[in-house]
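Here the structure comes first, spelled out in structure tokens, and everything after it is commentary.
Every number for a ligand or one of its atoms is a count from 1 in the order of the listing. Quick note: numbers below take in every heavy atom, side chains included, and nothing from hydrogens, waters or symmetry partners. These numbers were taken from a predicted model, which means no experiment stands behind them.
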Amino acid sequence: MPMNDSRLSAPWWKTGVIYQIYPRSFQDSNGDGIGDLAGITARLDYLAWLGVDALWLSPIYESPMADFGYDVSDFTAIDPIFGTMDDFDALVREAHARGLKVVMDFVPNHTSNLHPWFLESRAARTSPKRDWYIWVDPTPDDDPPNNWIAYFGGPTWTLDEKTGQYYLHNFLPEQPDLNYRTEAVKHAVWNDLRFWLERGVDGFRIDVVDRMMKDPLLRDNPPNPDYVQGRDNPTRAFLRVYSERYDGIHDLIKEFQRVIKAYENRVSIGEIQYFDDPHQIAPYYGDYESDELDLPFNFGLMLQHWAARTVRQFVTAYDAAIPPHGFPNYVLGNHDQHRLASRLGWEQARVAAMLLLTLRGTPFIYNGEELGMENVTIPQHQVKDPQGKNLPGFTRDVARTPMQWSNAPYAGFSTVEPWLPLANNYETVNVEAERAKPDSILTLYHRLLGYRRRTPALSLGSYRPLLEADDHCFVYLRETTDQRRLIALNFSGEAQTLALPDVTESNMGQLILSTLLDREEQVDLHTLHLRPNEGVIVEV
Ligand code: GLC
């Protein structure tokens, strides 16, 4: 089949690039120092220019904001901090008018402790909704039933004094876990999903989707043999063998998927564990196309030591592990992790951008990474993230600071002091300045996105690693029946010369994009020169 036809028939989420917006920090439109929906709508032209295909909004539902929206008190209402339902409808309409899809974050594992379901569940042991959450009697010594530790520290159990039982929460006490062994819970949650599907959203990023099933016997988690006290996040002291990903999880995800797939053209993206081993990701695709998740998140690139060999080995193993009916994806940053430029440095952040946008798999870009935004140091007394409050040193605020639009006061994000401090570098690292600079990282993202969109080999072509013994460079081909592109990425700080004798008959290729944005030329593949920290795309 000619490539253009298959590209037309491939679902949008296989050919497209998804951009994550953290709404609190994207654009404030009403002068309260917190981003909102109208602000996002006002910036849609930027996203269309940038060249992404879809936006995923971190949660905007009604929430007491104990975990900044990941604690939902009404799944079918917009929190007033972000605006109104009309603002939401306008955002979807305006996004669609620009050819941009809108993906919502959905948080089914838990609700807020102020959600009416939990208030009712908590009211009495005999409440009709008691079994919507997981309630357990204390041990004879009055202790919690087991050793499970919450992600944000402390036990996963909180005692409700009035009814004398503990309830389960894998995150904050303000985020009680729903009990998916109760049929009525599923029906209620599916109805809330349909509410948004009917409103025209193009899919969901489903929060901690693999954690919805727990061991009904509530057995103790075993100690984590790799855990080093003092070095590691103390919540990693035990392996979460029984407190999540328990039997039944795949059937539950399938049910979830059926609700979404009853609507045409919608995508399901699932946040699963940060697996290092790609074989642990593969089962979340299910047994046939769209049986489970369309895109179970692959966070592997964020876990690898950043070196040509380890990244190549991971990508090659992951690509091979994806079942034939599945489609890969790659994530380099999100609202829970340190900034890419802070992890890898400025120069390798460019190489990483070229990698992300030339691999076989749907790319995810976290807002601000395209500017090279860096972690912002937040003094402990200004930390807002509950994880950072409970576990000093582990705050996620560092990557959630306001988007840097211009060198105007407050970086053009707001007219007042923003909810989190701005980066000091905003006067130079910002959209306006970087758009005007032909060699900025933003220009690189823009060029890469445009090129990926016009080049089916990059979205749908096969992936084949070359020079597999090379320690400095990661080199691969992306190919369809009528297109071939060679990508060569220098992970080292020294110049490298690569010998690629067998790629074409003439041995010549056309270099069309360098991460340094300063050359387009014919190159001889016998001796392909790469400067320190340079990546290139070559038409071959
Ligand atoms: C996910 C989110 C994170 C949130 C947690 C609890 O990991 O990405 O931000 O705190 O789930 O909902």
Does only the side chain of R211 get under 4.0 Å from ligand 1, or the backbone, or both, or neither? Count heavy atoms.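 Contact part for R211 vs ligand 1: neither.
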Taking non-hydrogen atoms only, is Q387 closer than 4.0 angstrom to ligand 1 via side chain, backbone, both or neither?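 For Q387, there is no contact with ligand 1 at all, from either part.
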Please could you name the atoms of ligand 1 that [X] approaches to less than 4.0 Å, counting only its heavy atoms?
| X | value |
| --- | --- |
| R396 | 3 (C), 4 (C), 9 (O), 10 (O) |
| D336 | 2 (C), 3 (C), 7 (O), 8 (O), 9 (O) |
| F152 | 10 (O) |
| V208 | 1 (C), 7 (O), 11 (O) |
| H110 | 6 (C), 12 (O) |
| R400 | 9 (O) |

Please write down residue, atom name and distance for the protein heavy atom closest to [atom].
| atom | value |
| --- | --- |
| atom 7 (O) of ligand 1 | E271 OE2, 2.9 Å |
| atom 5 (C) of ligand 1 | F171 CE2, 3.7 Å |
| atom 4 (C) of ligand 1 | D67 OD2, 3.4 Å |
| atom 1 (C) of ligand 1 | D207 OD1, 2.8 Å |

Is a salt bridge present between [X] and [Y], judged by a nitrogen-to-oxygen distance below 4.0 Å?
| X | Y | result |
| --- | --- | --- |
| R211 | D177 | no |
| R205 | D207 | yes |
| D53 | K101 | no |
| K186 | E183 | yes |

For the CG atom on N424, are there more than 12 heavy atoms of other groups (residues, nucleotides or ligands in this structure) within a distance under 6.0 Å?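 At most 12 heavy atoms, drawn from other residues, nucleotides or ligands, come within 6.0 Å of this atom.
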With R339, which residues qualify under salt bridge (Lys or Arg N to Asp or Glu O under 4.0 Å), at least two apart?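 R339 satisfies salt bridge (Lys or Arg N to Asp or Glu O under 4.0 Å) with E369 once adjacent residues are dropped.
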Does at least one non-hydrogen atom of Q273 fall below 4.0 angstrom from an atom of ligand 1?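 No, Q273 has no heavy atoms under 4.0 Å from ligand 1.
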For the ring pair W405 and Y46, is the centre-to-centre distance below 6.0 Å?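 Yes, ring centres under 6.0 Å apart.
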Are Y318 and Y330 close enough that their ring centres sit under 6.0 Å apart?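 Centroid separation for Y318 and Y330: below 6.0 Å.
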Sequence neighbours left out, what pairs pass salt bridge (Lys or Arg N to Asp or Glu O under 4.0 Å) with at least one residue falling in residues 143-161?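 Pairs touching residues 143-161 that pass the test: R122-D160.
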